[in-house]
Amino acid sequence: MTDGQASVGQVRDWLRDAQRITVLTGAGISTDSGIPDFRGPNGLWTRNPAAERMSNLQDYVADPEVRRRAWQARKTHPAWTAEPNDAHRALAALEKSGKLLAIVTQNIDGLHQRAGSSRDKVIEVHGTIWWVECLTCGVRTPMADELARVSDAEPDPACRQCGGILKSATISFGQRLDNDVLQAAAIAAETCDLFLAVGSSLTVRPAAGLCEVAVNAGARFVVINAEPTPYDEIAAAVLREPIGEILPALVSAASEG
Ligand code: NAD
């Protein structure tokens, strides 16, 4: 199904003609890899609204029970066993065409890099679950090391350097985004000629606001998402097909131009 003014064929032509493509990805690109999104029909928060508290910085800092539950949830996070899918691989192939400026991802799962996208092309605006950061001194340690401590009867491990509270190196609600990362994402939105938003409900700012940044700077803007988003109205095309099918088909066109 296609909303907006343009057909799938038209979007393929745009990808073929584009010279500088920026892709904003969200949880919807990883659902085919077995990682549920938050707000889709089978989303974590759709099914269990209480889970949202673990992603709230204030609750996490104030309540040791929230932290203990968060560590238990991290132990079984689907990212540890998930494999990249065809959509992640399509974006890695897009980089080879030489037209990819950046993948700005809201995802924390590391699947773009594991699919073959270069580290310097992937801008992780919401951080990564593969690392842990101390909220006091900022020291970073691998997640695997801290999960080993949790399994060794430390249900809420403290920073070994300063005793501070440890959290996955992801951005929680109420937590500021890294300025340098945000600036890199803004430049990627401002300097592209085609901006694709893939698998995101586009409800989390400031990431979602990048769509407007790109449009205001003159880029063509395309939404690929199963459900409506608040930015559909300013999109040149809205494609509602399954991401794992439509993205590889579109990206193959980019390599033709
Ligand atoms: P979201 O859950 O708000 O929205 C995901 C959207 O993707 C939904 O509108 C859903 O309809 C759509 N979708 C899901 N699977 C699809 C498919 N196969 N084809 C087409 N559309 C599909 O996700 P968001 O906008 O990224 O915001 C959620 C926040 O949660 C982000 O900040 C992200 O950091 C975090 N998160 C990350 C992961 C991950 O790393 N994989 C998973 C869940 C949540």
Side-chain angles (χ1 to χ4, degrees), residues 1-3 8 11 23-49 51-57 70 73-74 76-91 103-115 117 122-131 143 167-178 181-182 185 196-211 222-232 235 237-250:
M1 192 170 73
T2 308
D3 287 355
V8 174
V11 177
V23 187
L24 172 67
T25 64
I29 198 172
S30 294
T31 52
D32 282 352
S33 295
I35 303 180
D37 58 17
F38 280 169
R39 299 179 188 80
N42 292 312
L44 279 178
W45 295 349
T46 313
R47 286 183 289 126
N48 177 15
E52 200 166 343
R53 281 195 80 210
M54 289 192 294
S55 301
N56 183 304
L57 185 66
R74 284 173 197 136
T76 56
H77 196 282
W80 313 140
T81 50
E83 294 295 332
N85 64 53
D86 287 346
H88 297 107
R89 283 189 283 273
L91 294 185
I103 298 170
V104 178
T105 188
Q106 300 169 84
N107 295 345
I108 56 165
D109 55 33
L111 287 178
H112 287 302
Q113 296 90 328
R114 288 186 48 214
S117 291
V122 182
I123 303 172
E124 294 175 310
V125 282
H126 293 164
T128 172
I129 196 170
W130 290 87
W131 288 85
M143 176 61 82
K167 189 177 81 61
S168 59
T170 54
I171 305 291
S172 299
F173 287 108
Q175 193 171 10
R176 285 220 336 237
L177 277 71
D178 182 298
V181 173
L182 196 53
L196 302 180
V198 180
S200 174
S201 62
L202 299 177
T203 51
V204 181
R205 290 187 73 87
L210 293 170
C211 303
V222 174
V223 173
I224 304 174
N225 200 61
E227 294 176 295
T229 84
Y231 291 87
D232 290 357
V238 179
L239 307 180
R240 303 216 184 276
E241 276 83 354
I243 293 163
E245 293 168 23
I246 191 76
L247 203 57
L250 290 174

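Whatever order the structure lists ligands and atoms in, that order sets their numbers, starting from 1. Please read these numbers as outputs of a predicted model, since none were measured by experiment.
Counting the atoms of ligand 1 from 1 in the order shown, those under 4.0 Å from a heavy atom of Glu227 are 8 (C), 9 (O), 10 (C), 11 (O). Counting the atoms of ligand 1 from 1 in the order shown, those under 4.0 Å from a heavy atom of Asp109 are 39 (C), 40 (O), 41 (N). In summary, the atoms of ligand 1 found under 4.0 Å from a heavy atom of Pro242, numbered by their order in the structure, are 19 (N). For ligand 1, the atoms closer than 4.0 angstrom to any heavy atom of Gly26 are 26 (O). Applying the 4.0 Å criterion to heavy atoms of Ser30 picks out, from ligand 1, the atoms 41 (N). Each of the atoms 23 (O), 24 (P), 26 (O), 38 (C), 42 (C), 43 (C), 44 (C) of ligand 1 lies under 4.0 Å from some heavy atom of Ala27.
Counting heavy atoms closer than 4.0 Å to ligand 1, residue Ile243 contributes atoms from both its backbone and its side chain. Contacts with ligand 1 closer than 4.0 Å are made by heavy atoms of both the backbone and the side chain of Asp37.
Rounded to the nearest 0.5 angstrom, Asp32 CG and Glu83 CD are separated by 14.0 Å. From Leu111, atom CG reaches atom OG1 of Thr105 across 9.0 Å, with rounding to the nearest 0.5 Å.
Within the 4.0 Å heavy-atom cutoff, Pro36 counts among the residues contacting ligand 1. At a 4.0 Å cut-off, at least one heavy atom of Gly199 sits close enough to ligand 1 to count as contact.
When the ring-ring contact (aromatic ring centres under 6.0 Å, His included) test is applied to Trp131, no partner is found at least two apart in sequence or on another chain. Residues that satisfy the salt bridge (charged side-chain N to carboxylate O under 4.0 Å, His left out) test with Arg89, not counting sequence neighbours, are Asp86.
Contact of the Ile108 side chain with the Ser168 side chain is not registered, since no non-hydrogen atoms from C-beta on lie closer than 4.5 Å. With contacts defined as side-chain heavy-atom distances shorter than 4.5 Å, the pair Val23/Leu247 does not qualify. Side-chain contact between Val125 and Gln106 is present, with heavy atoms from C-beta onward closer than 4.5 Å.
Of all the listed residues (Gly28, Gly110, Ala207), Gly28 holds the heavy atom that lies closest to atom 16 (C) of ligand 1. Scanning Gln106, His126, Glu245 for the heavy atom closest to atom 32 (O) of ligand 1 points to His126.
Inspection of the His88 and Ser117 side chains reveals no N or O donor paired with an N or O acceptor under 3.5 Å.
Under the side chain to side chain contact (heavy atoms under 4.5 Å, CB included) rule, Ile29 has a single partner from Asn225, Ile103, Leu91, which is Leu91.
Some N or O of Ile108 is nearer than 3.5 Å to an N or O of ligand 1, by distance alone.
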